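Before any comments, here is the structure.
Quick note: residue numbers are just sequence positions, from 1. Since we're looking at a predicted model, the values are computed, not measured. Values below: all heavy atoms of this structure, side chains included; hydrogens, waters and symmetry mates excluded.
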Amino acid sequence: MTDTALAGASADSAAAKRPARPSRPAAKPHGQWKVDGKTPLNANETWKQEDDGLNVRERIESIYAKEGFDAIPSQDLHGRFRWWGLYTQRKQGIDGGKTATLEPHELEDKYFMLRVRIDGGALTTEQLRVIGQISVDFARDSADVTDRQNIQLHWVEVENVPEIWRRLEAVGLSTTEACGDVPRVILGSPVAGIAKDEIIDPTPLIAELGERFIGNPIVSNLPRKYKTAITGHPSQDVVHEINDIALVGVRHPELGAGYDLWVGGALSTNPMLGKRLGAFVQPDQAADVWLGVTSIFRDYGYRRMRTKARLKFLLADWGTEKFRQVLEDEYLGYKLADGPAAPKPATPGDHVGVHEQKDGKFFIGATPLGGRLSGSGLVKLADTLEARGSYRLRTTPHQKLVVLDVEKEQVEPLIAELDALGLSARPSVFRRGTIACTGIEYCKLAIVETKMTAASAVAELERRLADLADSGQLPTALSLHINGCPNSCARIQTADIGLKGMILPTPDGDPSPGFQVHLGGGLANNDREEAGLGRTVRGLKVYVDDLPDYVERVVRRFVADRAEGQTFAEWAHAADEEALQ
């Protein structure tokens, strides 16, 4: 027998003596309705199927508002209330070190955050006044504009919710699906319908989506939250790369103005930027395309594990080619035309400052500090605008306000009055670029304080870096995003300087609030061709109290070291770690 045959016989004999290798267990189902059926695979999916979150409104009005907080069962309180924009807020006095160790019921108070849904950010002064007065009457004068164009109130008691709804709905506002596993607020260009250089006005589309689908049971049970962004402005002003679905205005060489379709963006603890499908969406196709993408998420989205239940995970597994094919073949019944990508923006997308409208009037973009407002301030703002002849305004995805329809002779007087209300139309680089999430003041997930941290840091940086500002050495744009936890409501991975709240050790062993630092992130804007996530440096963390010191140090190093024309983000990605400490 040859050596080869002997070796083969020996191997066969050894294999015969070994026990058979157990077969690999079948992969667990993802809970995709169209693949695995609708049998719930976790507790959340069970109660969502047992009773649609939209149905809780009747119980709030007929039972809980009369019997009080203690009458609310857990599945309604911690689940279905979100379908109507209600979250329990954090109990006061609980430090960030206990966020991860206490049970949810130990962290929460008997008060609610209430989120007013403002699709497209569009408000009249009448609506603004109503929100402000609700805040004064029922929410301890609280009001924050979010980076999703909503306004949030705090200290709301369940007994007052029906009256709040009555007042909001009397002026065309609602809290419907402002939270929950549903289509959240639709981000829209703050200058829709008024900008001189607009490609397409998305206002009719946003209105159609709201009328047809918001509060509609066909899309009220999604695997998790679902975020939409639509713009027709060339500045790409709705942070489209971090939404589940986005429609970005473009001009097709044969088909005219329409939208470039993006899907699968989201940040949180596993950030992924959205992807172009390469499809051009004509205006009369847009609502059906939105429903198609949303239905793919409903039917094929992963429901077994909530940590994998965003559309971005399905897109990552499928890829853009399969996603587009399923959309066209199963949900639309027709092919979408191939289309061009939107060109790099030529102007900033926050719309701060004074700009002429297409009708010859002006709009003024002004920034509060970290999104912090007040109810009484909203009432005063409504009065101020009306006295100057303006009856419309917009919230923005950058925690700004845009005042519309200002006559030329009213611009400068109104800017001065806005400034007196804490809204700057000519802000410093730091005030303009700073956004902050709710933070530990009200949020049960937060670890550190954010709003006051943002305000004090901006004031200190304006003072410390006045020499660079006066000499023109500061960059014209520098984003500072402050987040109270890892979930990235303030988009830390897409900021020049992004700060993720955490508890840090100290030399004396007493933990202290601080931040992990992300550097050089950003979305497509006039300074960069495309979106990119920030860089983290091992060990680069900063205590809250040392934040101004750190930002001053890194900005001065950037100014000293940068190459000609180099942006902060470009420098931060290229710099040695030592330069970023």
> With Arg140, which residues qualify under side-chain contact (heavy atoms from CB on, under 4.5 Å), at least two apart?
Replying inline: Tyr111, Trp155
> Is it the case that more than 12 heavy atoms not belonging to Met502 sit under 6.0 Å from its CE atom?
Replying inline: yes
> Which heavy-atom pair separates Gly132 from Leu378 by the least distance, and what is that distance?
Replying inline: CA-CB, 3.9 Å
> Taking NZ, NE, NH1 and NH2 as the nitrogens, is one of them in Arg372 or Glu441 under 4.0 Å from a carboxylate oxygen of the other?
Replying inline: yes
> Between Val551 and Phe430, does a side-chain contact (heavy atoms from CB on, under 4.5 Å) hold up when you go through it step by step?
Replying inline: CA-CA 10 Å; Val551 176; Phe430 295 105; 4.2 Å; yes
> When rounded to the nearest 0.5 angstrom, what distance separates CG in Asn150 from CD1 in Ile118?
Replying inline: 6.0 Å
>> For Val429 versus Ala477, what's the shortest heavy-atom pair and its separation?
In response: CG1-C, 4.3 Å
> What residue among Ile364, Leu381, Thr367, Val403 forms side-chain contact (heavy atoms from CB on, under 4.5 Å) with Leu423?
Replying inline: Leu381
> Which atoms form the tightest heavy-atom contact between Gln399 and Gly371, and what is the distance?
Replying inline: OE1-N, 3.6 Å
>> Using a 3.5 Å distance criterion without hydrogens, assess whether the side chain of Thr494 forms a donor-acceptor pair with backbone atoms of Leu523.
In response: no
> Quick check: are there more than 12 heavy atoms from other residues, nucleotides or ligands sitting under 6.0 Å from NZ of Lys358?
Replying inline: yes
>> Less than 3.5 Å apart, any donor N or O on the side chain of Glu126 or Thr124 sitting next to an acceptor on the other?
In response: no
> CG of Leu209 to OG1 of Thr228: how many Å apart, nearest 0.5 Å?
Replying inline: 7.0 Å
> Judged by modelled atom types alone, do Arg184 and Asn243 share a side-chain donor-acceptor pair under 3.5 Å?
Replying inline: no
>> With rounding to the nearest 0.5 angstrom, report the CE to CD distance, Met113 to Gln89.
In response: 9.0 Å
> Where the side chain of Asn483 meets the backbone of Cys489, is there a donor-acceptor pair that is under 3.5 Å apart?
Replying inline: yes
> So do the side chains of Ile435 and Ile482 get within less than 4.5 Å of each other, counting heavy atoms only?
Replying inline: no
>> Using every non-hydrogen atom in the two residues, find where Ile200 and Gly258 come nearest and quote the distance to one decimal.
In response: CG2-O, 3.9 Å
> Can you tell me how far CG of Asp405 sits from CD of Gln410, rounded to the nearest 0.5 angstrom?
Replying inline: 12.5 Å
> Are Phe515 and Tyr550 close enough, and set up right, to give a side-chain contact (heavy atoms from CB on, under 4.5 Å), and what steps lead you there?
Replying inline: CA-CA 11 Å; Phe515 301 100; Tyr550 174 74; over 6 Å; no
> Hey, does the side chain of Ser268 reach the backbone of Asn270 with a donor-acceptor pair shorter than 3.5 angstrom?
Replying inline: no
>> Donor-acceptor check, side chain of Thr175 to backbone of Ala178, threshold 3.5 angstrom: yes or no?
In response: no
> With distance as the sole criterion, is a donor-acceptor pair present between the side chains of Ser235 and His233 under 3.5 Å?
Replying inline: yes
>> Would His240 and Asp260 count as a side-chain contact (heavy atoms from CB on, under 4.5 Å) here? Give the steps.
In response: CA-CA 11 Å; His240 62 277; Asp260 186 31; over 6 Å; no
>> With side-chain hydrogen bond (donor to acceptor under 3.5 Å, both in side chains) as the rule and sequence neighbours excluded, what pairs involving residues 415-426 come up?
In response: Arg388-Glu417, Glu412-Arg426
>> Would you say Asp359 and Gln357 are linked by a side-chain donor-acceptor pair, where the criterion is simply a distance under 3.5 Å?
In response: yes
>> Using only atom types and a distance under 3.5 Å, with no angle test, would you say the side chain of Asp119 pairs donor to acceptor with the backbone of Ile186?
In response: yes
> Of all heavy-atom pairs between Pro513 and Val448, which one has the smallest distance, and what is that distance?
Replying inline: CB-CG1, 3.5 Å
>> Working to the nearest 0.5 angstrom, can you tell me the gap between Lys541 NZ and Gln581 CD?
In response: 10.0 Å
> Looking only at heavy atoms, which two atoms of Ile440 and Ala446 are closest? And how far apart?
Replying inline: N-CB, 3.3 Å
> Taking NZ, NE, NH1 and NH2 as the nitrogens, is one of them in Asp496 or Arg528 under 4.0 Å from a carboxylate oxygen of the other?
Replying inline: no
> Looking at Val238, Ile206, Leu205, which one forms a side-chain contact (heavy atoms from CB on, under 4.5 Å) with Leu247?
Replying inline: Leu205
>> Check Arg129 with Asp383, please: is the shortest side-chain N to carboxylate O separation under 4.0 Å?
In response: yes
>> What I want to find out is whether Glu356 reaches Lys196 closely enough, with some N-O distance under 4.0 Å, to be called a salt bridge.
In response: yes
>> Using a 3.5 Å distance criterion without hydrogens, assess whether the side chain of Glu198 forms a donor-acceptor pair with backbone atoms of Ala195.
In response: no
> Under 3.5 Å, is there a donor-acceptor pair between the side chain of Arg117 and the main chain of Thr176?
Replying inline: yes
>> Using only atom types and a distance under 3.5 Å, with no angle test, would you say the side chain of Glu449 pairs donor to acceptor with the backbone of Thr453?
In response: yes
> Quick check: does any side chain N or O of Arg394 sit under 3.5 Å from a backbone N or O of Ala192, one acting as donor and the other as acceptor?
Replying inline: yes
> Ignoring hydrogens and geometry, is there a side-chain-to-backbone donor-acceptor pair from Thr536 to His518 under 3.5 Å?
Replying inline: no
> Atom CD1 of Ile242 and atom CG of Leu267: how far apart are they, to the nearest 0.5 Å?
Replying inline: 4.5 Å
